[in-house]
Amino acid sequence: MDLQRVQRALSLEAEVGFTDLRGREQTFSQFLQSVFGQDPPAGWILDGEERRRWKELGSRYRLYPQLELPERQHLVAETRRWLERLRRQQEQAHSAPPSPALPLPKGLSLEQPLQFLKGIGPKSAEKLAQLGLHTVRDALYYFPRDHLDYSRRVLIRQAKVGETVTLVGTVKSCSCFTSPKNPLLTIFNLKLADKSGVVTLSRFYSGRQFAQRSWQAALERQYPKGAVVAASGLVKKGRLGLTLENPQLEVLGGEGEDLERLGKILPVYPLSEGIPADLVRKAVQLALPAAALVEDPLPEPLKRQLQLLDLPLALQQIHFPKTQELLAQARRRLVFDEFFYLQLSLLQRRQRYRAQAQAVPRYQPARGELLDRFYQILPFQLTAAQQRAIDEILADLRDPLPMNRLLQGDVGSGKTVVAVAALLAAIQSGWQTALMAPTEVLAEQHYRKLVEWLSQLQVPVELLTGSTPPAKRREILRQLQTGELPLVVGTHALIQPAVQFRNLGLVVIDEQHRFGVEQRAALQQKGDHPDVLTMTATPIPRTLTLALHGDLDVTQIDELPPGRKPVHTVVARPGDRLQVVRLMEREIAQGRQAYVVLPLIEESEKLDLKSAIEEHQRLQEKVFPQFRVGLLHGRLTSSEKDAVIEAFRRRELDILVSTTVVEVGVDVPNASVMLVEHAERFGLSQLHQLRGRVGRGSDQAYCILMTGSQSEEALRRLKVLEQSHDGFFIAEMDLRFRGPGEVMGTRQSGLPDFALASLMDDQEVLQLARQAAEQLIAQDPELQQWPRLRRILEERQARLLGPALLT
Ligand code: ADP
Ligand code: MG
């Protein structure tokens, strides 16, 4: 069995969205069935239980084609994790003792400038500085983005058609030119030779931008005559003999480089224009012995318990690994560090915040029965998930330490009710409370709901936004100051200095990710360490939650109120337009309403506006002349926006065209169709959120994702929404397709930059790091026993905890 091949198949299957990928000879599930139908690899040591599980997987993959999407996902994830664990076990059983430390040249130190290393002159040092590499320490921590396992290299003469190989040779010649017959086609030819023969490799570039001589010359300069180059790819027959299809090229060294000296697994570093790969490799290699000088801050018992490599060894092996196994272990250790220090910081900060806070229990059940009466007037039964969320929050309120809890729940899962229960619990114990939402529309909507419920309980509530008239505003401010007003709902207007509370006990922040850190903190500071409940409908995958909000407790509402029909979702092509129009006509004729959502089309707001206005006009005049079509866009003032939304709510409009997602945070249960134009430009989670705007009642609702995109990946991505209605699953897929930065919006995410760690692939290590950090902080919050750790944290605190992480 080829373990790597199995792992590749698993990860590919996940990437394509668990479609039971069809390979050349068999489907994914057939392949796995055959893998687990055979015995485990010879030499693997498995116990009885593991053997049983191995067999069982074979039969589980037989059923794979019949499984639902989430079950498939689950099975694949479980298999990946298990195989990885087995692999590691086997390695540990067989691994050779690590190599001894390299001899340390005299005078080498971590802070030494690279320029003073033998073999690196001022010119080279300048280039390295462009990559941020100044000292020996910088070079040690400049991790490779990949490795080239050139132990799998074959000689040019041995390459066989149909195999994927790595060839290593020296450059004989190279040239880049635009085809005389086709000005759009640029060809790059590279002639490589090793002791067995010569091969010509070609790459093709299509587009005018490659026809420039300057671009071509720059490419040629990357492969000077005599340089040693590794080329990987599929061997095929070419016009000039055997060649590689679309080869991956990597410059390993300059002329006359002694490759054997470098080892069999070579690091590939992130580079920028004009910095030769071999220079970075050389600098790192010269710096490498200094790894022995790096102090390892991790406590020995922890390292032993988690079987982590020593830091100096890990630093050496991440660059020039002796074996793939050591590389994996080095990576595991360094990834652990990245997560561990972050988690320690977050937990320590939480600990300190709590220590400062005066211990005040907010919730005194004896003081009233507001909550009970609230349950009685609710027109529906709480879901079990809502009840659980409320229980967790009430427990936090009873606890003398301030609450800092994130309430996550899919769109429509009913977070508002949970928030109201929390507000009432605080109010009945005599505290003032505030609910902040990111837009006037949302604040207004909350206010409306609250008035409907709280008036029955004789609890006063007011709305404070930028559009509150001055006299009203003054009155609200006065009542907040005297403590007469127990609950205020509002926008950013709540954090102005003039807003002062007598005794603010609980703060609820809706759509928390839409607020900046300072804004959230500003509201919090209007009380003395009040309890804080933040809410989000962006279903953040659990890993991201930990990485981002390690200092928050998290509650998930993982259940929708009963009776909701899943929104019927289809990916539509421009050719389907007529059908889409028919559907909208039919629904509107039955008294329903529809949204049409346009993405940000251009970078420029002006162009967006223009296209929105044109689209609105087209729909109104040409497509739906018989209906009333409204338009919502970012340039409207908030009262204009309110007016449009109000009109839609009152059914004075049949169709609402909207440019941005923002304004669609609207609750109009009568709407039953959502048409999203250029759906490929949205993230999956964003689309899922949009879709949540329809299907709020028990009737069938429709979501049409219109796309003209030809990209297969775009279509595959959108198809996920046809199949799944699970926000968390969709968010995971989003993460897979786009990476965390984009999912969260890099600027907003506050995600720290990890040099090595991947939130998608290193979830297990993240969990380990989290647990280890929890244990350590619980025993020794100020890390008195571990001065090295403490120092590292202090150093990193400023850097890692950019302001965005202060929740
Ligand atoms: P979100 O979590 O997206 O903020 P809301 O709190 O706005 O969701 O709730 C969505 C809709 O579901 C509202 O109209 C709300 O009144 C209704 N709702 C909430 N909880 C329940 C429940 N347990 N049973 C039935 N309907 C509910
Ligand atoms: Mg909501």
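Residue indices begin at 1 and follow the sequence shown. Counting convention: from 1, in listed order, for ligands and their atoms alike.
One finds no salt bridge joining Arg448 and Glu452 here, because no Lys/Arg side-chain nitrogen approaches an Asp/Glu carboxylate oxygen to under 4.0 Å.
The distance from the CG atom of Leu423 to the CH2 atom of Trp453 is 11.0 Å, given to the nearest 0.5 Å. Here the straight-line distance linking atom CG of Leu454 with atom OH of Tyr447 works out to 10.5 Å at 0.5 Å rounding.
Here's the thing with Gly414: one of its N/O atoms is less than 3.5 angstrom from an N/O atom of ligand 1.
Close approach to Gln381 involves these atoms of ligand 1, each under 4.0 Å from a residue heavy atom: 22 (C), 23 (N), 24 (N). Heavy-atom contacts of Lys449 reach the following atoms of ligand 1: 13 (C), 14 (O), 16 (O) (cutoff under 4.0 Å). Using a 4.0 Å cut-off to heavy atoms of Thr383, the atoms of ligand 1 that qualify are 23 (N). Below 4.0 Å from some heavy atom of Thr416 lie the following atoms of ligand 1, by number and element: 4 (O), 5 (P), 6 (O), 7 (O). Near Gly412, meaning under 4.0 Å from any of its heavy atoms, are these atoms of ligand 1: 1 (P), 2 (O), 3 (O), 8 (O), 10 (C).
Ring geometry, Tyr702 versus His568: the interplanar angle exceeds 60°, so the pair is classed perpendicular (tilted spans 30 to 60°).
By the criterion of a heavy-atom distance under 4.0 Å, the backbone of Leu382, and not its side chain, is placed next to ligand 1.
When side chains are defined from C-beta on, Leu506 counts as touching Met403, because their heavy atoms get closer than 4.5 Å. Within the 4.5 Å cutoff, no side-chain heavy atoms of Ile509 are placed close to those of Gln524.
A heavy-atom separation below 4.0 Å is not found between Glu452 and ligand 1. Ligand 1 is approached by Ser413 to a heavy-atom distance shorter than 4.0 Å.
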Side chain to side chain contact (heavy atoms under 4.5 Å, CB included) between Met584 and Phe627, intermediate numbers included: CA-CA 11 Å; Met584 290 173 70; Phe627 298 135; over 6 Å; no
